[in-house]
Protein chains: 2
Amino acid sequence: MIEVINLLRGLPDAANGEVFERLAGVNGVMIERIVSQGQSSPESGWYDQPNHEWVMLLEGAARLAFEDGSEVELAPGDALDIPAHTCHRVSWTVPDRPTVWLAVHYPAADG
Amino acid sequence: MIEVINLLRGLPDAANGEVFERLAGVNGVMIERIVSQGQSSPESGWYDQPNHEWVMLLEGAARLAFEDGSEVELAPGDALDIPAHTCHRVSWTVPDRPTVWLAVHYPAADG
């Protein structure tokens, strides 16, 4: 019997730090849930990733900023495909309730 | 500027057939949204897929059946990882409103 999990119930407490949970994947594909609460990330600067990342906001509210100066505001159901090496960061998440992300990291075409 | 789409707004009418929309992917990875309304599928029998499929119910209600006789009932937020060649079918979706699925197809470890 295949296990069913619910990504929106029984959320971990992210008030003191984002919580990353790997859900599935193999061969460079990684599906994860991220729970944020008020964080912007990474603290150190930009995410510059070798893989593509498709991301969807499941719950909450957030803003993503890109190195070209653009910023997008995300509501539940919003999704975007971030190409490899497109520098980005979470510039804001709503402070008073959890924000839940689904991220699918997948290899770029050239490996 | 990266395009943001919303997977829950402006849904296609699926009353006369499921609507599959490819969202992203490359190299055997395929992220898609499926909108169902009352369908069970496939009509022809079982899905027997060469790739793994991670699936999440975003909206609506559905049941998935497996060849071993087990069946799971899915509510929004529910997710499961269906290994390659695990025969399955959608045995029911709620008839009076859309059911929205997110599916991530990804290659099995042996290619």
Side-chain angles (χ1 to χ4, degrees), chain A residues 1-11 21-33 51-59 62-84 86-88 100 102-111, chain B residues 1-11 21-33 51-59 62-84 86-88 100 102-111:
Chain A
M1 182 96 172
I2 292 179
E3 186 193 11
V4 177
I5 61 168
N6 189 286
L7 300 187
L8 301 175
R9 287 200 290 262
L11 293 176
E21 184 182 355
R22 187 182 182 288
L23 303 171
V26 71
N27 285 354
V29 174
M30 202 259 284
I31 304 173
E32 66 175 348
R33 183 184 70 180
N51 288 340
H52 300 315
E53 180 179 3
W54 185 87
V55 65
M56 177 179 180
L57 199 84
L58 298 176
E59 203 170 273
R63 284 195 294 267
L64 274 180
F66 298 90
E67 211 175 24
D68 67 1
S70 63
E71 193 170 40
V72 292
E73 180 133 13
L74 300 175
D78 282 344
L80 66 167
D81 193 35
I82 304 172
T86 299
C87 292
H88 62 283
V100 184
L102 180 72
V104 181
H105 303 267
Y106 62 101
D110 56 4
Chain B
M1 182 99 171
I2 292 179
E3 186 192 12
V4 177
I5 61 169
N6 190 286
L7 300 187
L8 300 175
R9 287 201 292 263
L11 293 177
E21 184 181 356
R22 186 183 182 288
L23 302 171
V26 71
N27 284 354
V29 174
M30 202 260 283
I31 304 173
E32 67 175 348
R33 181 184 70 179
N51 289 340
H52 301 314
E53 180 180 2
W54 185 87
V55 64
M56 177 178 178
L57 200 84
L58 298 177
E59 202 169 274
R63 284 195 294 268
L64 274 180
F66 298 90
E67 210 173 25
D68 68 1
S70 64
E71 193 171 39
V72 293
E73 180 134 12
L74 300 175
D78 282 344
L80 66 168
D81 193 34
I82 305 173
T86 299
C87 293
H88 62 283
V100 184
L102 179 72
V104 181
H105 304 267
Y106 62 100
D110 56 6

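From a predicted model like this one, the values you see are computed outputs, not experimental measurements. In what follows, chains are A, B, ... by sequence order, proteins preceding strands, each numbered from 1.
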Point to revise | Per-residue contact mode, B:Leu57 against chain A (heavy atom under 4.5 angstrom) | key: neither
Review point. Most heavy-atom pairs under 4.5 angstrom with chain B, which of A:Ile82, A:Val72, A:Ile31?
Key: A:Ile31
Point to revise | chain A interface, residue from B:Leu23, B:Leu58, B:Asp78, B:Leu64 that has the most non-hydrogen pairs under 4.5 Å | key: B:Asp78
Exercise for review: Kindly write out the residues that satisfy side chain to side chain donor-acceptor pair (under 3.5 Å) with B:Glu71, not counting sequence neighbours, or none if the list is empty.
Suggested key: B:Ser91
Exercise for review: Please confirm whether the backbone N or O of A:Pro76 pairs with a side-chain atom of B:Asn6, one donor and one acceptor, at under 3.5 Å?
Suggested key: yes
Point to revise | Interface moiety of B:Val29 toward chain A, non-hydrogen atoms closer than 4.5 Å | key: side chain
Revision key, fill the gap. Distance col, row B:Met56:CE vs A:Arg33:CZ, nearest 0.5 angstrom, shows 9.5 Å
Check your understanding: What is the minimum heavy-atom distance between B:Glu3 and A:Leu80, and which atoms define it?
Key -> O-CB, 3.5 Å
Point to revise | Any side-chain heavy-atom pair of A:His88 and B:Ile2 under 4.5 Å | key: no
Point to revise | Engaged part of A:Asp81 at the chain B interface, taking heavy atoms whose separation is under 4.5 Å | key: both
Check your understanding: What residue in B:Pro83, B:Ala79, B:Ser70, B:Ala24 has the most heavy-atom pairs under 4.5 Å with chain A?
Key -> B:Ala79
Point to revise | Under 4.5 Å from any heavy atom of chain B - which part of A:Ile5 | key: both
Exercise for review: Go through the atoms of A:Leu102 and report whether side chain, backbone, both or neither lie under 4.5 Å from a heavy atom of chain B.
Suggested key: side chain
Review point. Which pair of heavy atoms, one from A:His52 and one from B:Val26, lies closest together, and at what distance?
Key: CD2-CG1, 4.1 Å
Check your understanding: With sequence neighbours excluded, what pairs up with B:His105 under the ring-ring contact (aromatic ring centres under 6.0 Å, His included) test?
Key -> none
Study note, to complete from the structure: Honestly, the part of B:Val104 sitting under 4.5 Å from a heavy atom of chain A is side chain
